[in-house]
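First up is the structure itself, then whatever we jot down about it.
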Amino acid sequence: MIDLRSDTVTKPSAAMRQAMLTAEVGDDTMGEDPTVRELEERIAAMFGKEAALYACSGTQGNQLGVRAHCIPGDELLIHETGHIAVFEGGAPAALSGVTVRTLPGPLGKLDVDVLSSQLRPFDQHFPRTKLICLENTTNLGGGRCYSLEHMQRVAGWARENDLKLHLDGARIFNAIIAHGYSAADVGSCFDTISICFSKGLGCPMGSALVGSKDEILRARRARKMFGGTLRQTGIVAVTALYALDHHVQRLAIDHEHARLLAHGLASIDGIRIDSESVETNLIYFEIEHGRGTAVQLASALRDHDVQIGPMGGQRMRAVTHLDISRQDIDTVVEVVKNCFKAGFADRPLTGSGPYSR
Ligand SMILES: *Cc1c(COP(=O)(O)O)cnc(C)c1O
């Protein structure tokens with residue numbers, strides 16, 4: 001099966017499992033896991049921050065960030081397609097008493113013009129606007145990256161207005177590799193950043209939140225409350241250390257594969273895609289009306305051992321990752337082409353996907 005539904009489907013490699021076998025561990029709740037400490041120190045230093053905290057998931061990393069900055073009655077501003085707003089089960093409200101206000105912008109990105117027009121004056125009537133959340137790369141925005149200048153512009157504006165700035169950096173290393181800025185450059189723009197090891201970096205689980213000592217102390221307390229503080233955590237944290245050594249630079253290969261796939265898909269009659277818009281490892285495309293829906297195409301592809309995620313209606317998302325080879329890309333283009341030739345509009349209209357209930 002060639003699985004392009006997400007970069008989360010990767011399986012730990014033999015070398016990564018070997019690292020797990022020999023990881024030094026201790027009780028991390030007691031602060032005694034040397035591998036976790038090493039990871040936290042290393043990721044904090046990379047992003048030029050005072051401290052870091054290992055988290056179970058990207059969602060947890062984001063929610064620890066929200067909790068570290070906000071108190072009940074506060075509000076955060078985020079793009080309307082932001083993961084924190086759309087894909088985290090209403091967690092800011094449920095876990096931190098924080099309301100979410102969503103704003104528009106091209107490609108999943110927010111800029112100072114929209115943000116400043118929405119800033120609430122300080123007044124007892126209004127929720128207190130406390131936190132701005134950006135996403136880099138943007139997920140529903142198409143795997144697009146913020147330029148360093150863009151991040152710096154929002155950061156300067158946030159500082160002037162006494163607002164905190166959090167980055168959902170689930171795929172920040174994809175942006176770093178695609179754009180050539182450094183982790184420290186990114187770190188200098190944000191108060192806190194959550195980083196996923198379980199996406200393009202190929203770990204079975206885990207994220208980190210980086211920030212100031214105070215913020216990470218608050219996040220550490222929240223992680224305990226949220227039930228995310230583990231014991232011999234080094235057994236999985238070691239996979240993140242391994243990935244930082246071996247799986248960062250190679251993200252360029254995933255991006256090259258994504259461009260190849262986008263160009264291949266663009267050559268298929270019945271698919272609409274702007275292949276020039278593919279910047280990292282996410283490829284979104286539309287099926288022309290009358291040819292069938294995304295769920296129907298996904299079902300046809302599965303019969304030929306290819307999985308691509310239906311995103312509702314005519315929209316599909318393919319994601320390249322470290323378990324996808326150059327040969328796989330050629331195979332996928334061939335299989336999709338054949339599905340369009342054979343037709344798939346007669347298939348059942350229901351199926352499973354990220355949006356199914
Ligand atoms: C995947 C992802 C997350 C984290 O999701 P988990 O399922 O908790 O790992 C956060 N933000 C973005 C943009 C993501 O793509």
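Ligands are counted one by one from 1 in listed order, and the atoms in each one are counted from 1 as well.
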Can you tell which of Glu88, His83, Met205 gets a heavy atom nearest to atom 12 (C) of ligand 1?
->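 Answer by nearest heavy atom: His83.
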
Atom 11 (N) of ligand 1 [closest protein heavy-atom partner, distance rounded to 0.1 Å] =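 The protein heavy atom lying closest is Asp168 OD2, 2.6 Å.
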
Can you tell me the protein heavy atom closest to atom 9 (O) of ligand 1 and the distance?
->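 It is Gly58 N, 3.4 Å.
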
Please identify which atoms of ligand 1 are closer than 4.0 Å to at least one heavy atom of [X].
X: Glu135; value: 13 (C)
X: Ser57; value: 8 (O)
X: Lys199; value: 1 (C), 2 (C), 3 (C), 4 (C), 5 (O), 14 (C), 15 (O)

Quick one: name the residues clustered hydrophobically with Val9, using the 4.5 Å side-chain heavy-atom rule over I, L, V, M, F, W, Y, and just say none if it's on its own.
->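 For Val9, no cluster forms, as it stays isolated from other hydrophobic side chains.
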
Salt bridge (Lys or Arg N to Asp or Glu O under 4.0 Å) partners of residues 69-84, not counting sequence neighbours, each pair once =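 Non-adjacent pairs meeting salt bridge (Lys or Arg N to Asp or Glu O under 4.0 Å): Asp74-Arg128, Glu75-Arg101, Glu75-Arg120.
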
Ring centers of Phe344, Phe340 separated by less than 6.0 Å |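 Distance test on ring centres: under 6.0 Å, yes.
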
Taking the six-membered ring where the residue is Trp, are the ring centres of Phe197 and His247 under 6.0 Å apart?
->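 They do not qualify: ring centres at least 6.0 Å apart.
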
So, does Arg171 sit close enough to ligand 1 that a heavy atom of it is under 4.0 Å from the ligand?
->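 Yes, Arg171 has heavy atoms under 4.0 Å from ligand 1.
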
So, for Leu261 and Leu4, which heavy atoms are closest and what is the spacing to 0.1 Å?
->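 It is CD2-CD1, 4.1 Å.
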
Asn139-ligand 1 polar pair, N/O distance under 3.5 Å |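 N/O-N/O distance below 3.5 Å exists for this pair.
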
Would you say Thr59 and ligand 1 have an N/O pair spaced under 3.5 Å apart?
->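 Right, the criterion is met.
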
Could you tell me whether Thr138 approaches ligand 1 through its side chain, its backbone, both or neither, with non-hydrogen atoms closer than 4.0 Å?
->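 None of Thr138 does.
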
Which of these, Glu215, His69, Lys164, sits in a side chain to side chain donor-acceptor pair (under 3.5 Å) with Thr192?
->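 Exactly one candidate clears the test, His69.
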
Taking atom types as modelled, is there a side-chain donor on Asp123 or His125 under 3.5 Å from an acceptor on the other?
->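 Yes, a side-chain donor-acceptor pair sits under 3.5 Å.
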
